[in-house]
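Notes follow once the structure below has been shown.
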Amino acid sequence: MARKLPLKFYARDAAVVAPELLGMLLVHHVGGQARVGRIVETEAYQGPEDQAAHSAGGRRTPRNEIMYGPAGHSYVYFVYGLFHCVNVITQRVGIPHGVLIRALEPVSNLEGKTSGPGLLCRAMGIDRSHNGLNLRGDQLYIAHPGRKHYRTPEVHSTPRIGVDYAGTWVSMPWRFFDTASSCVSKAPKR
DNA sequence: AAAATGATCAAG
DNA sequence: TTGATCATTTTA
């Protein structure tokens with residue numbers, strides 16, 4: 001019943017796509033099994049204007065190159081020497097938007113915590129080797145769970161986490177989460 | 001409050 | 001080549 005999201009879904013502003021990703025399924029096929037989680041927390045990053053984005057000011061490096069490519073692809077990076085984070089690229093070629101997946105509710109084959117961007121990548125088995133994958137392919141993708149299984153999220157928004165360096169963009173309410181889920185990451189205190 | 005821990009990037 | 005930084009997490 002689950003159906004992969006079409007290119008059209010991704011080809012919009014990250015701040016529009018981010019809340020709509022709540023309730024969708026992130027699927028990773030690894031070692032003959034499908035690891036599946038329900039997306040319950042996301043954040044939008046909209047370069048080049050957004051000073052919190054890796055693509056702020058049009059910055060373009062080997063790491064974030066994929067942000068400038070077509071929508072519907074993965075952007076995976078390594079941060080703090082310890083954790084990977086996975087993003088979905090949105091908008092069109094040349095406009096570096098992305099949505100960070102911040103928390104999942106386990107659905108199948110997930111071990112360990114999934115309430116945080118670094119933790120969910122560990123549980124899903126996602127690392128830099130999964131950078132740039134087409135999310136309409138067969139290895140890593142996002143799907144609508146299907147009418148019968150879809151639970152409508154209670155969407156709330158707050159400012160984003162861990163971007164204190166971003167000046168006025170810090171206060172942009174581009175973190176979205178399902179308040180009905182117990183798997184949302186706990187926001188650190190300021 | 002601060003450590004853990006290493007890729008990444010801009011500067012020199 | 002180097003040094004500062006970092007879209008995090010855990011422990012105290």
Side-chain angles (χ1 to χ4, degrees), chain A residues 10 13-22 24 26 28 37 39-69 71-91 95-106 110-133 135 140 142 155-178 181-190:
Chain A
Y10 298 107
D13 280 354
V16 173
V17 174
E20 293 189 23
L21 279 171
L22 300 177
M24 301 300 164
L26 179 63
H28 186 207
I39 298 172
V40 296
E41 180 178 349
T42 59
E43 276 179 3
Y45 289 87
Q46 296 197 167
E49 297 85 2
D50 180 6
Q51 290 305 301
H54 287 169
S55 53
R59 201 157 112 258
R60 188 166 184 157
T61 67
R63 180 180 67 162
N64 72 4
E65 175 64 26
I66 195 72
M67 292 192 81
Y68 291 83
H73 288 249
S74 62
Y75 169 41
V76 182
Y77 64 90
F78 188 58
V79 73
Y80 295 116
L82 296 165
F83 299 99
H84 297 271
C85 295
V86 63
N87 298 251
V88 175
I89 297 312
T90 75
Q91 259 292 353
I95 300 184
H97 287 200
V99 176
L100 172 66
I101 310 295
R102 287 193 56 90
L104 301 174
E105 262 176 28
L110 285 182
E111 293 291 331
K113 295 184 190 302
T114 53
S115 55
L119 296 176
L120 76 86
C121 277
R122 187 192 292 276
M124 290 289 287
I126 295 171
D127 59 39
R128 275 167 302 173
S129 72
H130 305 99
N131 188 42
L133 294 179
L135 296 176
L140 180 66
I142 298 174
V155 181
H156 277 234
S157 64
T158 69
R160 294 169 291 181
I161 306 291
V163 294
D164 295 340
Y165 53 85
T168 63
W169 292 83
V170 171
S171 57
M172 201 64 68
W174 281 353
R175 170 177 177 247
F176 304 91
F177 57 95
D178 179 1
S181 175
S182 57
C183 296
V184 171
S185 74
K186 57 170 200 151
K189 121 181 213 203
R190 304 236 153 234

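Labels below follow one simple rule: chain letters A, B, ... track the order of the sequence lines, proteins then strands, and each chain is numbered from 1.
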Under 3.5 Å, is there any donor-acceptor pair linking the side chain of A:Tyr80 to the base of B:dA7? no

Please tell me if A:Thr61 has a side-chain N or O lying less than 4.0 Å from either OP1 or OP2 of B:dC9. yes

Whole-Å gap separating C1' (C:dT10) and CG (A:Leu119): 10 Å

For the residue pair A:Trp174 and A:Trp169, does the interplanar ring angle fall in the parallel (under 30°), tilted (30 to 60°) or perpendicular (over 60°) class? tilted

State the SG-NE2 distance between A:Cys121 and A:His130, to the nearest 0.5 angstrom. 10.0 Å

What do you reckon, are the aromatic ring centroids of A:His84 and A:Tyr77 less than 6.0 Å apart? no

Would you mind reading off the distance between A:Leu82 atom CG and B:dT8 atom C1', rounded to a whole angstrom? 15 Å

To the nearest angstrom, the CZ-P distance between A:Arg63 and C:dA7 comes to 6 Å

Of the nucleotides B:dC9, C:dA7, C:dT9, which one has an atom closest to the side chain of A:Phe83? C:dT9

Looking just at side-chain N and O atoms, do A:Arg102 and A:Thr42 make a donor-acceptor pair shorter than 3.5 Å? no

P atoms of C:dT2 and B:dT5, separation to the nearest Å: 22 Å

Hydrogens and angles aside, do A:Glu105 and A:Thr114 bring a side-chain donor and acceptor to less than 3.5 Å of each other? no

Which stems does DNA chain B form, counting runs of 3 or more consecutive Watson-Crick or G-U wobble pairs with both distances under 3.5 Å? B:1-4 with C:8-11, B:6-11 with C:1-6

Of the candidates B:dG6, C:dT9, B:dA10, the side chain of A:Phe78 sits closest to B:dG6

In whole angstroms, the gap separating P of B:dA7 from NE2 of A:His54 amounts to 16 Å

Does a side-chain N or O of A:Arg128 approach OP1 or OP2 of B:dA7 to a distance below 4.0 Å, or not? no

Whole-Å distance separating the CD1 atom of A:Ile161 from the C1' atom of C:dA7: 10 Å

Please give, in whole Å, the distance from C:dT5 P to A:Tyr77 OH? 18 Å

Any side-chain heavy atom of A:Tyr10 sitting closer than 4.5 Å to one from A:Leu135? yes

Rounded to the nearest Å, what distance is computed from the CZ atom of residue A:Arg122 to the C1' atom of nucleotide B:dT5? 12 Å

Take atom CG of A:Asp127 and atom C1' of B:dG6, then tell me their distance rounded to the nearest Å. 15 Å

Could you check whether any side-chain heavy atom of A:His97 comes within less than 4.5 Å of a side-chain heavy atom of A:Asp13, counting everything from C-beta outward? yes

